[in-house]
Each structure stands twice: as structure tokens, then as C-alpha cells.
Number of protein chains: 2
Amino acid sequence: MEKKIFNKFLKERGQKFTKERSAILQRIFSYHGHFDTESLYLKIRETGLKASRASVYRTLNLLRECGLIEKVTKTEHGTIYEYTFGHEHHDHMLCIGCGTIIEFYSEDLERLQENICRRQDFKGVTHSLEIRGYCKRCQKNKK
Amino acid sequence: MEKKIFNKFLKERGQKFTKERSAILQRIFSYHGHFDTESLYLKIRETGLKASRASVYRTLNLLRECGLIEKVTKTEHGTIYEYTFGHEHHDHMLCIGCGTIIEFYSEDLERLQENICRRQDFKGVTHSLEIRGYCKRCQKNKK
DNA sequence: ATTGATATTGAGAATCAGTCTCAATTATGG
DNA sequence: CCATAATTGAGACTGATTCTCAATATCAAT
């Protein structure tokens with residue numbers, strides 16, 4: 001399914017659906033969640049498939065343009081992406097203690113943001129809300 | 001005022017309030033808004049004061065630990081900070097067209113976030129909401 | 001003010017994510 | 001199968017940020 005979408009996207013731009021791009025897409029799909037560039041690259045190597053770092057970076061940019069993945073955040077150790085195709089929009093809580101990412105969605109929050117944009121004559125395209133703090137488990141461990 | 005706070009912070013950690021740190025703090029204070037590391041460094045050079053890039057980076061980290069400034073976002077061209085001491089908490093809209101940053105604050109938004117955290121047993125510490133889109137002017141220019 | 005112990009500075013080296021180069025390779029439509 | 005144009009990968013490059021370390025500055029105690 002996502003293969004079809006990517007393929008169509010590439011064709012429209014006169015670009016090619018190569019082995020490498022296919023391998024990268026497959027691996028990303030296997031995450032069903034968040035991932036960073038380097039571990040994606042390593043995972044591809046592990047599984048015997050091949051794709052250079054350069055190709056991984058290039059393909060991630062293509063997939064982003066095509067709308068299948070999104071940048072979640074930039075950390076000191078690189079960019080974190082998530083596979084968004086077929087996933088509803090959501091925001092993130094990031095646990096400072098253990099790095100866990102919790103996804104959440106709030107209809108009220110979305111509506112409120114639309115109102116805020118309207119008030120400022122701002123045309124919102126995307127947004128990202130990241131709440132940093134401590135997850136249930138890390139709160140316990142601190143005590 | 002902010003000098004006092006920084007000074008106290010440094011003393012508590014057995015660190016020193018140097019000419020360079022003073023110069024950097026002064027320049028940051030003169031922004032009263034957002035700034036990035038490189039333009040801060042250049043501004044310091046311009047005004048005849050001196051501080052190396054290394055010192056600027058080091059001091060920004062200290063000021064962040066001390067709570068006087070905060071990272072707003074990481075872009076491809078470096079980290080953007082803002083002077084937060086004495087400023088109310090707020091969130092940001094970032095214009096994709098011209099890079100303008102619009103600050104806004106919504107009591108409802110804050111309350112809603114607290115509710116969401118409570119529901120997930122998550123103890124929120126900080127959050128950042130960034131809405132990317134087009135400001136009034138850039139919407140006009142596109143037409 | 002002098003001293004001494006310690007923190008800081010700056011210039012440039014080092015690091016690290018990400019992009020670019022370019023010759024060799026591959027996908028794709030006909 | 002061919003021709004053409006896109007892609008690949010290794011490594012060079014870039015740009016932000018951190019690190020190194022010898023020279024210097026700070027500060028508390030004298």
C-alpha cells in the first residue's frame with residue numbers, strides 16, 4: 001500500500017523506485033513508530049539489505065515530501081521521524097527520565113489551536129506539541 | 001537584576017562571573033526576544049566587546065541551566081534561544097515564508113494540557129507548541 | 001595588594017549529523 | 001534490448017557545536 005503511494009509519487013516526478021528505496025521503506029514500515037536515521041541505517045545493514053547512509057538520508061527526505069513520514073523532533077543525536085501514513089495525527093509526551101514517547105490526541109486541543117490561529121490571521125499548516133516531563137514509572141522511581 | 005541571578009547561580013557552583021560572561025549576558029538582554037548563537041556572537045564582536053565562539057556556546061548552556069534563557073527550537077541553521085526571565089510563558093507560531101516568530105499565550109491551552117497530562121498520569125514539566133504556517137503578510141504575497 | 005588554587009579563555013582541532021560530488025551502475029519506457 | 005536519465009556509494013565537505021590545553025583571569029584568604 002505505502003509502496004504504491006511512494007511509487008506513484010516518484011513516477012509523477014520522473015524518479016525511480018529502486019531496490020534501495022524499497023528496502024528503506026520496508027524497514028521503516030517495520031517500526032510502526034518512531035525511529036532515528038542512524039538506527040534505521042544500521043537495521044538495514046543487519047538484515048542483509050543494502051543502502052548507504054547517503055541513500056537513507058535522501059530517501060527519508062523523499063518520504064517526508066511524499067507525506068508518508070514526518071519529522072518529530074531534532075535532538076542532539078539527530079532527527080527523529082515517525083511513520084505517519086495511516087496513523088491519525090497526534091502529539092507527543094517525552095519522558096525526561098527514560099526517553100519514552102507517549103502519543104496522545106485531543107480533539108479539543110486541535111480546535112483550540114485553530115481558533116488561536118484564526119485570531120492572529122495565521123494560516124497554520126502543521127504543528128507539534130511536545131510535553132516534556134516524567135512518565136508514570138519514572139515518577140515512582142524518583143520517590 | 002539578571003546579573004545578580006546569574007552571579008548567584010555561578011557562586012553556588014563555585015564558578016566565576018567573568019568579563020566575557022558579563023558581555024554575553026548584556027547582549028542577550030538587549031535582544032528582548034529571540035536570537036541565535038551566531039548572530040549573538042557577531043553582535044558581541046561588533047560592539048567591541050570580546051568573547052570567543054567557544055565562550056558564547058559555553059555561556060548559553062550555563063544561562064539555560066540557570067533558567068534565564070530557553071531553547072526555542074533547533075533549525076538547520078542552529079539553535080534559537082529566547083530570553084525568558086521576566087517574560088510570561090508563551091508558545092510560538094513560526095512563519096514558513098519569512099521566518100517570523102509570533103508569540104502567543106492561551107490560558108485555555110495551558111489548562112487543557114494539564115488535563116491531558118493528568119489523564120495519562122504524566123507529570124509535565126515544560127512544553128513547547130510550535131505552529132508552522134504562513135503569517136498574514138506571506139499569505140498575501142502568495143496570492 | 002600578593003598569592004595560590006582553581007576556573008576560564010581562545011584558537012584551532014575534533015566531532016557529528018547531514019549534504020554533496022562524481023564516476024559507475026541501474027531502472028524504465030519504448 | 002537500448003538509450004537515457006536517475007541513482008548509488010564512498011568519501012569529501014559543510015556547518016553547528018564541543019573539546020583540548022596552555023596561557024590567563026578570578027577570588028578568597030592572607
Side-chain angles (χ1 to χ4, degrees), chain A residues 3-4 6-28 34-45 48-66 69-81, chain B residues 3-4 6-28 34-45 47-66 69-81 99:
Chain A
K3 253 187 185 171
K4 262 189 192 150
F6 192 34
N7 203 342
K8 190 180 167 217
F9 170 81
L10 290 170
K11 279 234 171 82
E12 279 169 2
R13 309 182 4 151
Q15 295 186 278
K16 294 167 179 171
F17 190 67
T18 63
K19 289 196 273 304
E20 289 81 0
R21 285 175 183 169
S22 172
I24 293 165
L25 183 54
Q26 258 174 35
R27 283 297 95 200
I28 289 174
H34 307 87
F35 61 92
D36 65 277
T37 319
E38 186 64 11
S39 53
L40 174 60
Y41 169 71
L42 293 174
K43 197 163 199 170
I44 289 168
R45 299 248 110 181
L49 298 168
K50 67 180 191 22
S52 64
R53 272 201 183 76
S55 286
V56 171
Y57 278 103
R58 283 186 289 231
T59 303
L60 286 177
N61 284 331
L62 286 171
L63 288 168
R64 199 158 44 80
E65 286 177 59
C66 152
I69 65 174
E70 266 177 34
K71 277 189 189 179
V72 173
T73 188
K74 271 193 137 195
T75 73
E76 301 68 47
H77 312 297
T79 301
I80 295 176
Y81 290 90
Chain B
K3 254 186 185 173
K4 261 189 195 152
F6 192 34
N7 204 340
K8 190 181 165 216
F9 169 82
L10 290 170
K11 279 236 171 82
E12 278 170 1
R13 310 186 359 154
Q15 296 186 279
K16 293 165 182 175
F17 191 66
T18 63
K19 287 196 275 307
E20 288 81 0
R21 286 176 183 169
S22 172
I24 292 165
L25 183 56
Q26 256 174 36
R27 282 299 94 200
I28 289 174
H34 307 87
F35 61 92
D36 65 278
T37 318
E38 186 63 13
S39 54
L40 173 61
Y41 168 71
L42 293 174
K43 197 164 199 170
I44 289 168
R45 299 247 109 178
T47 53
L49 297 169
K50 69 181 191 20
S52 64
R53 272 201 185 78
S55 286
V56 171
Y57 278 103
R58 284 185 289 231
T59 303
L60 287 177
N61 285 331
L62 286 172
L63 288 168
R64 199 158 44 79
E65 286 177 59
C66 153
I69 67 175
E70 267 177 32
K71 276 191 188 176
V72 173
T73 189
K74 270 194 137 193
T75 74
E76 302 67 47
H77 311 298
T79 301
I80 295 176
Y81 290 91

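The structure presented is a predicted model; accordingly, all values stated were derived computationally and were not measured. In what follows, every chain begins at residue 1, and chains take the letters A, B, ... in the order their sequences are listed.
Checking side-chain atoms of A:Arg27 against main-chain N and O of A:Leu40 turns up no donor-acceptor pair under 3.5 Å. Side-chain atoms of A:Arg53 do not come within 3.5 Å of backbone N or O of A:Tyr41 as any donor-acceptor pair.
By the 30° and 60° cut-offs, the orientation of the rings of A:Phe35 relative to A:Tyr81 is parallel.
With sequence neighbours excluded, the residues forming a salt bridge (charged side-chain N to carboxylate O under 4.0 Å, His left out) with B:Arg13 are B:Glu65, listed by chain and number.
B:Arg45 places its CZ atom 11 Å from the C1' atom of C:dA11, with the value rounded to the nearest Å. Per the geometry, NZ belonging to B:Lys11 stands 9 Å off C1' belonging to D:dC27, to the nearest Å. As a whole-Å value, the separation of A:Leu10 CG from D:dT7 P is 7 Å. Remark: C1' of D:dT18 and CZ of B:Arg64 are 13 Å apart, rounded to the nearest angstrom. Remark: P of C:dT9 and OH of B:Tyr41 are 14 Å apart, rounded to the nearest angstrom. Note: CZ (A:Arg13) to P (D:dA5) measures 18 Å, nearest angstrom. Between the P atom of D:dC27 and the CD atom of B:Glu12 lies a distance of 16 Å, rounded to the nearest Å. Between the CD1 atom of A:Ile44 and the P atom of D:dG9 there is a distance of 10 Å, given to the nearest Å.
Within a 6.0 Å radius of NZ in A:Lys71, other residues, nucleotides and ligands contribute more than 12 heavy atoms. For A:Lys74, the NZ atom sits in a packed shell: over 12 heavy atoms of surrounding residues, nucleotides or ligands are nearer than 6.0 Å.
At least one side-chain nitrogen or oxygen of A:Ser55 sits closer than 4.0 Å to the OP1 or OP2 atom of D:dG9.
The two atoms that bring B:Ile80 and B:His34 nearest to each other are CG2-CB, 4.1 Å, heavy atoms only.
Residue whose closest nucleotide on DNA chain D sits further toward the 5' end, between A:Val56 and B:Arg58: A:Val56.
Contact annotation for A:Arg21: backbone-only contact, meaning every heavy-atom pair under 4.0 Å involves sugar-phosphate atoms and none involves a base.
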Take A:Asp36 and A:His77 through the side chain to side chain contact (heavy atoms under 4.5 Å, CB included) test and state the conclusion after the steps.
CA-CA 9 Å; A:Asp36 65 277; A:His77 312 297; over 6 Å; no

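Between B:Asn61 and B:Arg64, the side chains place a donor N or O and an acceptor N or O closer than 3.5 Å (distance only, hydrogens not considered).
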Pairwise N/O distances under 3.5 Å, protein to nucleotides 24-26 of chain D:
from   : atom 1 : to      : atom 2 : distance (Å)
D:dT26 : OP1    : B:Lys19 : NZ     : 3.1
D:dT26 : O2     : B:Lys16 : NZ     : 2.6

Nucleotides 16-18 of chain C: which of its N/O atoms have a protein N/O under 3.5 Å away?
from   : atom 1 : to      : atom 2 : distance (Å)
C:dG18 : OP1    : A:Thr79 : N      : 3.1
C:dG18 : OP1    : A:Thr79 : OG1    : 2.6
C:dG18 : OP2    : A:Tyr57 : OH     : 2.9

